[in-house]
Amino acid sequence: MNPSFWLFKSEPETYSIDDLRNAPDQTTCWEGVRNYQARNLLRDKIQLGDRVLFYHSACAQPAVVGTAIVVREGYPDHHAWDTRHHYFDPKSDPGNPRWFMVDVQFESKFSRPVTLAEIRATKALAKMELLRKGSRLSIQPVRKTEFDRIVQIAERM
DNA sequence: GCCAACGTTGGC
DNA sequence: GCCAACGTTGGC
């Protein structure tokens, strides 16, 4: 199976590409997704070896800042059952988990961010979900051509 | 901080 | 099932 391609949003003040690079094994569980559409992707679609664009959102310079790779497929987000956890959700039942996550491993940090403005200005990227008006999906599919183009822009100093 | 867009909740 | 109210996201 060929890998699929995704874009994961994260607020850098919460979890940045540097946090991922500095994490043990440069790996983290992608916890805290509480949206059903994104949940379905995490649970059903995202596979081992899939490639991820790491996007910094809700910050001074929204941008794709690097890449990651999926190293564990969807499994229940157990934080939803921890009453003291920020991501606790009383409606998630361990017998029938409501929320899922995957594990991702750091792959690269771009030598420079590929900003939302640049993405918007690139014709070949015009169809990205990221650019859809009102789009807020924090886990979204990306075409291989789009993934490749963004990496290419990052390398084109 | 503002605000548009979206998702969820809950009364009816 | 409708829809108003509310909470969240995220660019600016």
Side-chain angles (χ1 to χ4, degrees), chain A residues 4-23 28-46 50-68 70 73-104 106-143 145-154 156:
Chain A
S4 298
F5 300 85
W6 311 94
L7 181 146
F8 285 17
K9 292 182 190 172
S10 186
E11 300 186 17
E13 294 201 358
T14 303
Y15 199 88
S16 71
I17 187 81
D18 289 324
D19 291 328
L20 180 59
R21 182 165 58 181
N22 296 331
T28 188
C29 60
W30 204 260
E31 65 181 26
V33 173
R34 297 290 179 267
N35 167 283
Y36 289 103
Q37 211 178 331
R39 185 281 307 271
N40 293 345
L41 296 176
L42 289 168
R43 188 188 58 190
D44 306 329
K45 300 289 185 193
I46 299 180
D50 282 358
R51 311 277 302 280
V52 173
L53 294 172
F54 197 114
Y55 180 82
H56 283 172
S57 69
C59 57
Q61 190 187 56
V64 178
V65 292
T67 63
V70 175
E73 293 182 3
Y75 62 104
D77 184 345
H78 50 79
H79 301 104
W81 311 325
D82 179 353
T83 53
R84 290 155 312 174
H85 197 98
H86 176 64
Y87 292 121
F88 173 66
D89 177 359
K91 292 183 211 135
S92 185
D93 164 15
N96 181 21
R98 172 178 299 218
W99 304 116
F100 285 73
M101 55 190 180
V102 298
D103 288 356
V104 296
F106 176 83
E107 184 175 52
S108 70
K109 180 181 177 179
F110 293 161
S111 50
R112 63 174 192 88
V114 178
T115 65
L116 178 61
E118 276 179 285
I119 292 170
R120 195 165 271 143
T122 303
K123 220 169 191 174
L125 302 177
K127 287 187 173 172
M128 287 187 71
E129 165 74 17
L130 187 67
L131 300 184
R132 266 196 42 239
K133 189 177 157 100
S135 166
R136 301 189 320 191
L137 200 56
S138 66
I139 304 280
Q140 43 182 271
V142 169
R143 295 167 190 82
T145 51
E146 295 162 346
F147 185 97
D148 291 343
R149 174 59 73 96
I150 286 176
V151 170
Q152 183 196 333
I153 292 171
R156 182 184 76 199

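In what follows, every chain begins at residue 1, and chains take the letters A, B, ... in the order their sequences are listed.
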query: Roughly, in whole Å, what's the span from CD in E13(A) to C1' in dG11(C)?
result: 15 Å
message: What's R34(A) touching, base or sugar-phosphate or nothing? Going by heavy atoms closer than 4.0 Å.
response: nothing
query: Within less than 4.0 Å of OP1 or OP2 of dT9(C), is there a side-chain N or O belonging to K9(A)?
result: no
query: When you check the phosphate oxygens OP1 and OP2 of dG11(C), does a side-chain N or O of Y55(A) lie under 4.0 Å from one of them?
result: yes
- request: Tell me whether the centres of the aromatic rings in W99(A) and Y75(A) are closer together than 6.0 Å.
  value: no
task: Before giving the answer on salt bridge (charged side-chain N to carboxylate O under 4.0 Å, His left out), spell out for R34(A) and D77(A) the whole-Å C-alpha distance, their side-chain angles and the decisive distance to 0.1 Å.
output: CA-CA 10 Å; R34(A) 297 290 179 267; D77(A) 184 345; 3.0 Å; yes
query: Expressed in angstrom and rounded to an integer, what is the separation of L130(A) atom CG from dC12(C) atom P?
result: 10 Å
field: Among F106(A), F110(A), W30(A), F8(A), ring-ring contact (aromatic ring centres under 6.0 Å, His included) partner for F54(A)
entry: W30(A)
query: Roughly how many Å is it from NZ in K133(A) to P in dA4(B), rounded to a whole number?
result: 10 Å
- request: Would you mind telling me which of dT8(B), dG10(C), dC12(C) lies closest to the side-chain atoms of S57(A)?
  value: dG10(C)
field: R98(A) side chain near dT8(B) phosphate (N/O to OP1/OP2, under 4.0 Å)
entry: no
message: Without decimals, in angstroms, what is the distance between Q61(A) CD and dG11(C) C1'?
response: 13 Å
statement: Atom OH of Y36(A) and atom C1' of dT8(B) are separated, to the nearest Å, by 8 Å
From dA5(B), dG11(C), dG7(B), nucleotide with atom closest to L116(A) side chain: dG11(C)
- prompt: Please give, in whole Å, the distance from dG10(C) P to R120(A) CZ?
  reply: 13 Å
query: Whole Å only: how far is the CG atom of L131(A) from the C1' atom of dA4(B)?
result: 17 Å
field: Worked verdict on Y55(A) versus V64(A) for side-chain contact (heavy atoms from CB on, under 4.5 Å)
entry: CA-CA 4 Å; Y55(A) 180 82; V64(A) 178; 3.9 Å; yes
query: Should the heavy atoms of other residues, nucleotides or ligands under 6.0 Å from CD of E129(A) be counted, would the total exceed 12?
result: yes
- line: Separation of dC6(B) atom C1' from E129(A) atom CD, nearest Å, is 12 Å
